[in-house]
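Report on the structure given below.
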Amino acid sequence: MSEVRFDERVAIVTGAGGGLGRSHALLLAARGAKVVVNDLGGSLHGEGSDQAAAQKVVDEITAAGGTAVASFDGVDTPEGAAAIVQKALDAYGRVDVVINNAGILRDVSFHKMTHADWDSVLKVHLAGTYYVSHAAWAHMRDAGYGRIVNTSSAAGLYGNFGQANYAAAKLGIVGLTKTLAQEGAKKGIRANAIAPIARSRMTETILDEATLAKLEPTLVSPLVAYLASEGCASNGQVYAVGGGYVSRVAVVEGAGTMLSGEVTPESVAGAWAEIEDLSAAKPFANAMEAVGAALGKL
Ligand SMILES: NC(=O)c1ccc[n+]([C@@H]2O[C@H](COP(=O)([O-])OP(=O)(O)OC[C@H]3O[C@@H](n4cnc5c(N)ncnc54)[C@H](O)[C@@H]3O)[C@@H](O)[C@H]2O)c1
């Protein structure tokens with residue numbers, strides 16, 4: 001197995017001032033990438049800003065002999081995202097890799113959720129992933145090369161109590177990733193997503209220390225680096241990752257059933273066991289394949 005390297009590659013890592021993003025940035029830099037360490041430096045809830053977070057990681061990278069520049073813009077506006085990508089272009093002249101990792105939490109049960117809780121989380125996670133990817137997209141297309149790694153979550157894939165805003169954003173990121181993968185394929189751009197579990201300020205109040213000790217962010221970053229590498233052929237996929245565990249996650253559709261005779265609520269109820277049955281379930285590569293399979297049954 002040849003070493004995964006990023007020499008001459010330029011990578012942007014958003015939200016890289018701490019937690020998972022810091023770990024991704026350190027690993028990419030250690031493997032030769034020139035890294036834009038982006039972080040707004042705000043609170044877990046998305047309030048305030050502090051340049052120290054991103055600068056500290058840049059200092060760590062340069063002290064270790066790597067190459068990095070700090071970016072303090074927010075991903076949650078088109079202007080901020082454009083400035084992040086411009087930072088890569090100004091400093092290093094290209095952008096090969098985008099790791100969309102920045103995030104905040106506004107956890108609250110749905111009946112207490114304010115529109116501000118909803119908007120701010122959707123803005124940072126989903127719009128932020130869109131804005132930064134969009135700002136980098138034309139450069140990647142022109143170069144005929146790009147790797148995008150987005151950050152989803154088990155909360156988005158499966159739902160989670162108190163996280164309606166976060167779950168909606170995180171599953172939105174999956175749809176965005178799969179579409180970027182399909183649109184970018186012919187231009188050498190690949191996009192994948194991870195659903196991580198790791199020790200960070202997001203998890204240290206909800207998991208016990210013994211569990212957190214097994215969940216260092218450094219156990220997630222190797223998958224991110226592999227997905228960001230030239231040699232990885234995966235495109236449009238989602239991977240659960242944490243503590244050394246890695247697995248592909250897929251949306252699957254069962255074999256289903258054709259309702260015979262008049263289609264009524266009662267005929268649906270009568271076929272419920274076959275409708276629910278996932279024993280012959282399979283994933284589809286894209287929407288056309290899935291719709292085509294359904295139409296093929298008619
Ligand atoms: N830790 C986990 O177990 C876990 C699980 C699932 C998903 N995630 C996701 O992983 C990513 C990293 O989270 P983490 O656990 O390392 O938490 P974290 O809070 O340490 O990292 C998030 C970083 O994003 C930065 N950020 C927030 N808003 C920003 C903005 N508008 N622009 C730029 N930077 C901004 C923060 O300052 C912070 O440094 C997030 O997208 C999170 O939702 C984490």
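For ligands, and for the atoms within them, numbers begin at 1 and follow the listed sequence.
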Can you find a side-chain donor-acceptor pair between [X] and [Y] that sits under 3.5 Å?
| X | Y | answer |
| --- | --- | --- |
| Gln163 | Asp107 | yes |
| Thr129 | Asn100 | no |
| Thr218 | Ser23 | no |
| Ser234 | Tyr239 | yes |

Shortest protein heavy-atom distance from [atom], along with the residue and atom involved:
| atom | result |
| --- | --- |
| atom 15 (O) of ligand 1 | Ser200 OG, 2.5 Å |
| atom 18 (P) of ligand 1 | Arg201 NE, 3.9 Å |
| atom 16 (O) of ligand 1 | Leu20 N, 2.8 Å |
| atom 35 (C) of ligand 1 | Ala102 CB, 3.5 Å |
| atom 3 (O) of ligand 1 | Ala198 N, 2.9 Å |
| atom 23 (C) of ligand 1 | Gly15 O, 3.5 Å |
| atom 43 (O) of ligand 1 | Tyr166 OH, 2.5 Å |

Does a side-chain N-to-carboxylate-O contact under 4.0 Å join Arg9 and Asp7?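 Here Arg9 does not pair with Asp7 in a salt bridge, since their nearest N and O are not under 4.0 Å apart.
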Hey, is [X] one of the residues with a heavy atom under 4.0 angstrom from ligand 1?
| X | result |
| --- | --- |
| Asp39 | yes |
| Lys170 | yes |
| Gly128 | no |
| Gly41 | yes |

[X] (side chain) donor-acceptor with [Y] (main chain) under 3.5 angstrom:
| X | Y | result |
| --- | --- | --- |
| Asp76 | Gly128 | no |
| Lys214 | Gly242 | no |
| Gln237 | Asn235 | yes |
| Arg106 | Trp118 | no |
| Thr203 | Ser200 | yes |
| Asp39 | Gly17 | yes |

Counting only heavy atoms, which portion of [X] has something under 4.0 Å from ligand 1: side chain, backbone, both, or neither?
| X | answer |
| --- | --- |
| Ser152 | backbone |
| Thr203 | side chain |
| Ile104 | side chain |
| His125 | side chain |
| Pro196 | both |

Please could you name the atoms of ligand 1 that [X] approaches to less than 4.0 Å, counting only its heavy atoms?
| X | result |
| --- | --- |
| Gly19 | 16 (O), 20 (O) |
| Asp76 | 31 (N) |
| Ser153 | 6 (C), 7 (C) |
| Ile197 | 3 (O) |

Criterion side-chain hydrogen bond (donor to acceptor under 3.5 Å, both in side chains) against Asn150, the qualifying member of Asn101, Asn192, Thr177: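 It is Thr177, the one option of Asn101, Asn192, Thr177 that forms the side-chain hydrogen bond (donor to acceptor under 3.5 Å, both in side chains) with Asn150.
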Of the choices [options], which has the non-hydrogen atom that lies closest to [atom]?
| atom | options | result |
| --- | --- | --- |
| atom 27 (C) of ligand 1 | Gly103, Ala54, Ala240 | Gly103 |
| atom 10 (O) of ligand 1 | Ile173, Leu44, Thr151, Val75 | Thr151 |
| atom 34 (N) of ligand 1 | Leu105, Leu40, Val13, Asn101 | Leu40 |

Please name the pair of heavy atoms, one in Thr67 and one in Ile61, separated by the smallest distance, quoted to 0.1 Å.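 Of all heavy-atom pairs spanning Thr67 and Ile61, the closest is N-CG2, 3.7 Å.
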Minimum heavy-atom separation for Ala135 and Ala81, please, with both atom names.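 Closest heavy-atom pair between Ala135 and Ala81: CB-O, 4.0 Å.
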